[in-house]
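These numbers come from the heavy atoms of this one structure, side chains and all, not from hydrogens, waters or symmetry mates. Here the structure is a predicted model, which means the values were calculated and not measured. Each chain gets a letter, A, B and so on, in the order its sequence line appears, and its residues count up from 1.
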Amino acid sequence: MAYWLFKSEPSTYSWDQLVAEGQSGWDGVRNHQASNNMRAMRIGDRGFFYHSNEGLAVVGVVEVAAEYHPDPTDATGKWGMVTVRPVMAAKTPVTLKQIKADPALQTMALVRQSRLSVSPVTEAEWVHICHLAGVEP
DNA sequence: GCCAACGTTGGC
DNA sequence: GCCAACGTTGGC
C-alpha cells in the first residue's frame, strides 16, 4: 500500500464537503507531476487531506476508491482523476507549521515542493503524521 | 531550442 | 496583498 497527500483549498472543496458527499472525484488537476502521482494510485491506498491557503493543516485521512480514470471536467480528454472517500478525521489537525518544524518531516514533498497538489508520502512520514494527528496509521 | 513574459499556486 | 516558485506560452 502506498501513501499520498491531497491538497485542497477549503473554500473550493473542504474536508467537510467530502464527508458530506461520501466520496469525490479528485478533478481539476492540470499538472503532470500531480497527475502521474494519481496514475500510480491503487484502490485501498491512503492519503492525507490537506487544507491549503486557509487552515494549512492535515485534517483527515482518505482512501482511494477508484483508480485513475477520465476527469469529466477536462474537455480535452487528456487529464484524469482518482476517486477518494473519507476514512477518518484527524483528532488533532497537523499544521504546516508543525510539519516544517519537525526534523523527521523535512524531506516531505509538501515541504520541498509547495505547489504540488498531489504528492507522495513515505511510510515513515505517514506513521509519524498519523501519530501527531491522533489517528491509527 | 532558448528564454522572456505571463499566469497560477500557495505560504506569509 | 505580496511575492517566490514554477509551469506554460510564444517570439525569435
Side-chain angles (χ1 to χ4, degrees):
Chain A
M1 146 138 59
Y3 304 98
W4 310 94
L5 182 141
F6 296 86
K7 270 188 206 178
S8 182
E9 297 188 31
S11 61
T12 303
Y13 194 81
S14 68
W15 170 256
D16 286 345
Q17 277 174 272
L18 179 63
V19 170
E21 289 177 18
Q23 66 168 38
S24 177
W26 206 260
D27 62 17
V29 174
R30 299 293 182 267
N31 169 282
H32 289 288
Q33 221 181 326
S35 193
N36 284 339
N37 287 332
M38 289 200 292
R39 276 179 204 277
M41 292 179 191
R42 296 298 167 252
I43 287 179
D45 279 1
R46 297 219 161 175
F48 290 125
F49 191 110
Y50 173 83
H51 276 168
S52 63
N53 282 315
E54 305 158 51
L56 306 185
V58 169
V59 292
V61 173
V62 299
E63 184 171 67
V64 175
E67 293 180 8
Y68 196 81
H69 57 285
D71 176 346
T73 68
D74 171 34
T76 71
K78 288 180 188 168
W79 300 95
M81 64 180 192
V82 296
T83 298
V84 299
R85 64 177 183 79
V87 175
M88 55 194 151
K91 271 186 199 161
T92 311
V94 181
T95 65
L96 181 64
K97 205 173 169 183
Q98 273 178 280
I99 291 169
K100 285 193 162 176
D102 194 323
L105 301 174
Q106 292 313 294
T107 53
M108 282 189 78
L110 175 71
V111 174
R112 303 206 296 183
Q113 279 178 272
S114 67
R115 289 187 48 196
L116 185 59
S117 63
V118 180
S119 60
V121 173
T122 68
E123 189 171 3
E125 291 162 351
W126 182 266
V127 170
H128 194 99
I129 291 177
C130 282
H131 284 146
L132 295 175
V135 301
E136 286 297 313

Could you state the [atom1]-[atom2] distance from [X] to [N], rounded to the nearest angstrom?
{"X": "A:Glu54", "N": "B:dC12", "atom1": "CD", "atom2": "C1'", "result": "14 Å"}
{"X": "A:Gln33", "N": "C:dT8", "atom1": "CD", "atom2": "C1'", "result": "15 Å"}
{"X": "A:Ile99", "N": "B:dG11", "atom1": "CD1", "atom2": "P", "result": "10 Å"}
{"X": "A:Trp79", "N": "C:dG7", "atom1": "CH2", "atom2": "C1'", "result": "10 Å"}
{"X": "A:Lys78", "N": "C:dT8", "atom1": "NZ", "atom2": "P", "result": "11 Å"}
{"X": "A:Leu110", "N": "C:dA5", "atom1": "CG", "atom2": "P", "result": "16 Å"}
{"X": "A:Leu56", "N": "B:dC12", "atom1": "CG", "atom2": "P", "result": "7 Å"}
{"X": "A:Leu96", "N": "B:dT9", "atom1": "CG", "atom2": "C1'", "result": "14 Å"}

Within the structure, does a side-chain N or O atom of A:Tyr50 lie under 4.0 Å from either OP1 or OP2 of B:dG11?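 A:Tyr50 to B:dG11 OP1/OP2: side-chain N or O found under 4.0 Å.
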Has A:Lys100 got a side-chain N or O lying under 4.0 Å from the OP1 or OP2 atom of B:dG10?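 For B:dG10, neither OP1 nor OP2 has a side-chain N or O of A:Lys100 closer than 4.0 Å.
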Side chains of A:Tyr13 and A:Leu18: closer than 4.5 Å at any heavy-atom pair?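 Yes; the side chains approach each other to less than 4.5 Å.
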Hey, are the side chains of A:His69 and A:Thr83 touching, using non-hydrogen atoms and a 4.5 Å cut-off?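 Of all side-chain heavy-atom pairs linking A:Thr83 with A:His69, at least one is under 4.5 Å.
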Indicate yes or no for a side-chain donor-acceptor contact from A:Asp74 to the backbone of A:Asp71 under 3.5 Å, with no hydrogens or angles considered.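 Pair absent, no side-chain N/O of A:Asp74 close to backbone of A:Asp71.
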Between A:Asn37 and A:Val118 (side chain of the first, backbone of the second, donor and acceptor by atom type, cut-off under 3.5 Å), is there such a pair?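 Yes: the side chain of A:Asn37 pairs with the backbone of A:Val118.
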Ignoring the backbone of A:Ser52, work out which of B:dG11, C:dT8, C:dA5 is nearest its side chain.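 It is B:dG11.
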